[in-house]
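Everything on this sheet refers to the single structure shown next.
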Amino acid sequence: MSYNSPFTGNVVQPTDVSFRAVTLSANTQLEWPINGNATDDYAARIMNVTATTGGLSLYMPPANQTSVGNDAMIRNVGSNTFTVRTFGGNSTIITIAAGEAKYIYVTANPDVYGTWGNIAFGAGTSAADAASLAGAGLVANGSTLGQSHPAVSLIAGYTFAVSDRAQAYIWTGGTTTATLPATAVLGNNWFTLFKNNGTGTVTIGTTGGELFDGGVAKTFAPSESALIVCTGTNFITVGYGQSADFQFNVLTKPVTGGSYTLTPNEASNTIQFYTGTLSSNVIVTYPAAANLYIISNQTSAGGYTLTVTTGIVGSATAVIPSGGQATVICDGTNFLNANTVQAGATALSIVNGSAGSPAINFSSETNTGIYRPGAGRWGVSILGNLVLDTTASGVNVTGTGNFTSGISGGAF
């Protein structure tokens, strides 16, 4: 609804009075100064308002008696906050604190209340309204914005969403899993905070095989935490805190044969399990960095081997037989046995092994060594062939023997 002059055809704006100082001592209803009437509580284009006490309100005139776009600048020059409301105090347009100035304007006028927009001009300078700007990660703190990371309890089986930006998720239960959505959904710069305050490991996986710190999932032991950031193509952690009580992370890596190169994130796991059915020998190349590894070969080898190396020419490698495990040291170039000397009383148990992959073998010839062919048997394998088989009843030798000093005892 608009008001037009019958003489010019232009819109008549009732608030022709440019300035007025208002002392607000009670809730006050304003009127439009139509036809120059300025004897009542009229609304002016610019009003300096002083509220004598807190909690008072200033009611704007009927919205349907003016044109859309009609406006007013209201400045609080007193020390008490007051509220500007629609006609009759029906609803709040804006609250104005001491020293603030707000610009309001009619955006729709179907009834006396209408719809009003507002812009904060601040105290002496132009400024956006903090409450209007506050969003994910931001909270209005008076006329300014502050950071906000609301704490939320993580639910088992939870899938993060776009709306989780800047949230601080806290897990307090046992072992569980969670899933990050596709990076294309979140986009570059989405982030959330996570802390494991529970009693078990929390594994956070990705969607569609996208990478999370170089792997498809990230594990958080109890008391570990991180800022999780989406780069638009993958996920990374910032400030990943490793627990002082749970310092060892576990890597489980499926292999089938051929060559593999570990990422720095994969190589950061002290305990490593290799799984899968081998169709050929496996060579795993590690970063050339000093570290201690406990490696378990849980593959179905079929006579094939698992070799770990730094890939540096001339460096020493380590071969772990199927079903076996080894504790090795990498000095940044070579893989070295971490158990060259056993101190004190100890018992050593090894896997059975096979003729092609003896339980105790040589790094330069892994199919030569000793193994257990079966129950109550101890065998020697040369180049994958059982040549000496010892049982409780005697010794069986494959091939001919050469005894330079003769043999005594028994019958042949």
Side-chain angles (χ1 to χ4, degrees), residues 251-262 267 271-286 288 291-331 333-342 346-404:
L251 169 70
T252 300
K253 189 171 182 67
V255 293
T256 57
S259 299
Y260 296 83
T261 300
L262 295 190
I271 302 173
Q272 302 185 348
F273 294 96
Y274 289 90
T275 61
T277 301
L278 301 187
S279 58
S280 63
N281 292 332
V282 172
I283 299 176
V284 182
T285 302
Y286 285 65
N291 210 341
L292 171 70
Y293 299 103
I294 301 172
I295 303 174
S296 179
N297 182 357
Q298 299 182 359
T299 63
S300 299
Y304 300 110
T305 61
L306 174 71
T307 301
V308 295
T309 177
T310 59
I312 298 174
V313 176
S315 62
T317 62
V319 179
I320 297 92
S322 175
Q325 64 186 35
T327 302
V328 293
I329 297 171
C330 179
D331 62 4
T333 302
N334 305 291
F335 274 92
L336 307 171
N337 182 5
N339 296 309
T340 56
V341 176
Q342 293 289 342
T346 185
L348 174 65
S349 297
I350 60 175
V351 297
N352 290 340
S354 64
S357 182
I360 299 178
N361 55 49
F362 302 95
S363 61
S364 60
E365 193 173 274
T366 59
N367 57 355
T368 295
I370 61 174
Y371 73 106
R372 180 176 179 265
R377 298 169 63 187
W378 184 87
V380 176
S381 175
I382 305 295
L383 298 177
N385 300 299
L386 176 61
V387 298
L388 179 64
D389 189 0
T390 304
T391 67
S393 59
V395 177
N396 296 313
V397 178
T398 301
T400 61
N402 182 16
F403 305 94
T404 59

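Remember, it's a predicted structure, so these values are computed and weren't measured experimentally. As a basis for the values below, the full set of heavy atoms in this structure was taken, side chains included, without hydrogen atoms, waters or symmetry mates. Numbering starts at 1 and runs along the sequence shown.
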field: Ile370/Trp378 under side chain to side chain contact (heavy atoms under 4.5 Å, CB included): CA gap, chis, key distance, verdict
entry: CA-CA 7 Å; Ile370 61 174; Trp378 184 87; 3.8 Å; yes
message: For Ile295 and Val308: C-alpha separation, side-chain torsions, deciding distance, then whether side chain to side chain contact (heavy atoms under 4.5 Å, CB included) applies.
response: CA-CA 9 Å; Ile295 303 174; Val308 295; 3.9 Å; yes
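Closest approach of Ser322 and Ser357 over heavy atoms only: N-OG, 4.4 Å. Closest non-hydrogen pair, Ala318 versus Val328, comes out as CB-CG1, 4.2 Å. Here the closest heavy-atom approach between residue Gly379 and residue Pro373 is recorded as N-CD, 3.5 Å.
For the side chain to side chain contact (heavy atoms under 4.5 Å, CB included) criterion with Tyr274, the lone passing option out of Thr252, Ile320, Val284 is Val284. A side-chain hydrogen bond (donor to acceptor under 3.5 Å, both in side chains) with Glu365 holds for exactly one of Thr368, Asn361, Asn367; it is Thr368. Partner of Arg377 under the side chain to side chain contact (heavy atoms under 4.5 Å, CB included) criterion, chosen from Thr391, Asn352, Asn396: Thr391.
Evaluation of the side chain to side chain contact (heavy atoms under 4.5 Å, CB included) rule for Thr333 yields Ile312, Ser315, Asp331 as partners, not counting sequence neighbours. Residues passing the salt bridge (Lys or Arg N to Asp or Glu O under 4.0 Å) test with Arg372, sequence neighbours excluded: none.
To the nearest 0.5 angstrom, Leu292 atom CG is 10.0 Å from Ile271 atom CD1. The line from CD1 of Ile294 to CZ of Phe273 is 9.0 Å long, rounded to the nearest 0.5 Å. For the atom pair OG1 (Thr261) and CD1 (Ile283), the distance works out to 10.5 Å, reported to the nearest 0.5 Å. A distance of 7.5 Å separates OG1 in Thr398 from CG in Asp389, rounded to the nearest 0.5 Å.
In this structure, the side chain of Ser381 engages the main chain of Ala355 through a donor-acceptor pair within 3.5 Å. Side-chain atoms of Ser280 come within 3.5 Å of backbone atoms of Gly258 as a donor-acceptor pair (strictly under, hydrogens ignored). No side-chain donor-acceptor contact under 3.5 Å links Thr317 to the backbone of Thr309. Panel note: side chain Asn281, backbone Tyr304; no donor-acceptor pair is recorded below 3.5 Å.
Here the side chains of Leu388 and Thr390 are in contact, with some heavy-atom distance below 4.5 Å. In this structure the side chain of Thr310 reaches within 4.5 angstrom of the side chain of Cys330, judged on heavy atoms.
Ring geometry for Phe335 versus Tyr286: interplanar angle over 60°, hence perpendicular rather than tilted (30 to 60°).
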